[in-house]
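Below is one structure, written out as structure tokens; comments come after it.
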Amino acid sequence: MSKEPNRRRTAAALTAAAAVWAPAALAAAPAAHAEVVDVEYACETEIGDRSAVSPVDVTAERKGDAYAITMTFDKGVSDSPVELPKGVMTPRAELVLGGDDRGTVQVKGAPNPAAVPAFTPVRIGTLTGTYTPKGDGTVTFTAGVLTVHALGMDAAVCTPANRPGPSLTLTVTGPPDTGAEPGADAEDGEAEEEALPGGELPRTGGLSTTTALATLGGTVLLGGAGALLWLTRRPRPGRP
């Protein structure tokens, strides 16, 4: 018996399996691509210009309709001529958006957990922030200006000098579209109010200024009339 039919069936089965596997492989493609990028920072400090290269890593984690962004520095970018006591140094940075979004994301670090000796590179550590996409698409995150705030001032302002590439490429999903037009809730609420006899709508809000003053005036007027009536009914002296 010829084995040709079996070979044809085997080839057909492999083709079908490849057709089924391909969409699954595409669906399983990662939604984010992170890359450690060497950023050459040119820093303006209180003790003169400084420069340093630090590997920068950026990651993202979905949190509801937003993304928690983490920026990590592997090396320090500057030093201080004096010792920095614990808790006096706080770094912050910008991440420049590209791709299907524009603008910046602000990330900030915690104060230094321990004292930093003089003329020792200041470690930046980890900075965190939040990014909320405006719509669906692919967005890149690139290291921007880094600022080191210490001893009550911006002690170092560092700008990337080597035009680094993106540290993170992220496929994002914007907030869900509810389909409601702006002001629709207010219009629906007004439509639900039923008219009173004579075509007047019920008053569900607070009193207007004019109405409040008129009410107050009427109260005073009634109070005055009551007082006058009480005075006119008081018995005259000498009469029971």
Side-chain angles (χ1 to χ4, degrees), residues 24-45 51-78 87-113 121-150 153-185:
L26 293 175
H33 172 70
E35 182 176 353
V36 178
V37 176
D38 288 336
V39 181
E40 181 180 345
Y41 283 102
C43 302
E44 297 178 1
T45 76
S51 63
V53 177
S54 177
V56 173
D57 184 23
V58 179
T59 59
E61 181 181 358
R62 186 67 184 257
K63 298 285 187 180
D65 292 336
Y67 293 83
I69 304 298
T70 300
M71 183 180 188
T72 304
F73 293 79
D74 287 346
K75 294 182 180 179
V77 296
S78 183
V88 302
M89 187 276 292
T90 305
R92 66 182 188 272
E94 293 180 347
L95 286 170
V96 181
L97 302 178
D100 293 325
D101 202 353
R102 291 293 183 271
T104 59
V105 174
Q106 304 295 323
V107 290
K108 186 176 181 180
N112 55 308
V122 178
R123 293 191 61 84
I124 303 302
T126 300
L127 283 63
T128 58
T130 302
Y131 167 66
T132 303
K134 303 179 184 67
D136 299 348
T138 301
V139 180
T140 60
F141 298 76
T142 303
V145 176
L146 166 68
T147 302
V148 179
H149 187 84
M153 60 182 175
D154 289 343
V157 179
C158 305
T159 304
N162 60 334
R163 303 185 66 179
S167 296
L168 175 67
T169 301
L170 183 65
T171 300
V172 301
T173 303
D177 185 6
T178 60
E181 298 181 357
D185 293 341

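Every heavy atom of this structure was used, including side-chain atoms; hydrogens, water molecules and symmetry mates were not.
- Between the CG atom of Leu168 and the OG1 atom of Thr70 there is a distance of 10.0 Å, given to the nearest 0.5 Å.
- For Asp38, there are no salt bridge (charged side-chain N to carboxylate O under 4.0 Å, His left out) partners two or more places apart in sequence or in a different chain.
- Scanning for salt bridge (charged side-chain N to carboxylate O under 4.0 Å, His left out) contacts around Asp57 gives an empty result, with sequence neighbours left out.
- Distance alone, capped at 3.5 Å, places no donor-acceptor pair between the Arg163 side chain and the Pro160 backbone.
- Shortest non-hydrogen contact noted between Thr142 and Gly165 is CG2-O, 3.7 Å.
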Full working for side-chain contact (heavy atoms from CB on, under 4.5 Å) between Thr104 and Leu95 | CA-CA 5 Å; Thr104 59; Leu95 286 170; over 6 Å; no
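- The local environment of CD in Gln106 is crowded, with over 12 non-hydrogen atoms from other residues, nucleotides or ligands closer than 6.0 Å.
- Contact between Val122 and Met89 at its shortest, heavy atoms only, is CG1-CE, 3.2 Å.
- Shortest non-hydrogen contact noted between Ile69 and Ala60 is CD1-CB, 3.6 Å.
- If you take OH on Tyr41 and OG on Ser54, they are separated by 7.0 Å, rounding to the nearest 0.5 Å.
- Across every non-hydrogen atom of Asp100 and Gly137, the tightest pair is OD2-CA, 3.2 Å.
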Between Leu97 and Thr140, does a side-chain contact (heavy atoms from CB on, under 4.5 Å) hold up when you go through it step by step?
-> CA-CA 6 Å; Leu97 302 178; Thr140 60; over 6 Å; no
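- Expressed to the nearest 0.5 Å, how far CE of Met71 lies from NZ of Lys108 amounts to 15.5 Å.
- Rounded to the nearest 0.5 Å, atoms CZ (Arg123) and CG (Asp74) are 7.5 Å apart.
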Could you check Val56 against Ser167 for side-chain contact (heavy atoms from CB on, under 4.5 Å), going step by step and ending with a plain yes or no?
-> CA-CA 7 Å; Val56 173; Ser167 296; 4.1 Å; yes
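- Screening residues 53-72 for ring-ring contact (aromatic ring centres under 6.0 Å, His included) gives no qualifying pairs among residues at least two apart or on separate chains.
- Under the 3.5 Å distance criterion, the side-chain polar atoms of Asn162 are left unmatched by any main-chain donor or acceptor of Val39.
- A search for salt bridge (charged side-chain N to carboxylate O under 4.0 Å, His left out) contacts involving Lys63 returns Glu61, not counting sequence neighbours.
- A donor-acceptor pair under 3.5 Å is formed between the side chain of Arg62 and the backbone N or O of Gly64.
- Once rounded to the nearest 0.5 Å, the distance linking OG1 of Thr169 with NE2 of His33 reads 6.0 Å.
- For Arg92, the salt bridge (charged side-chain N to carboxylate O under 4.0 Å, His left out) criterion is met by Asp154, not counting sequence neighbours.
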Which donor-acceptor pairs under 3.5 Å do the side chains of residues 125-133 make with protein atoms, sequence neighbours left out?
unit_1: Tyr131; atom_1: OH; unit_2: Asp101; atom_2: OD2; d: 2.6

Show the numbers, then the answer: is there a side-chain contact (heavy atoms from CB on, under 4.5 Å) between Phe73 and Leu146?
-> CA-CA 11 Å; Phe73 293 79; Leu146 166 68; 4.0 Å; yes
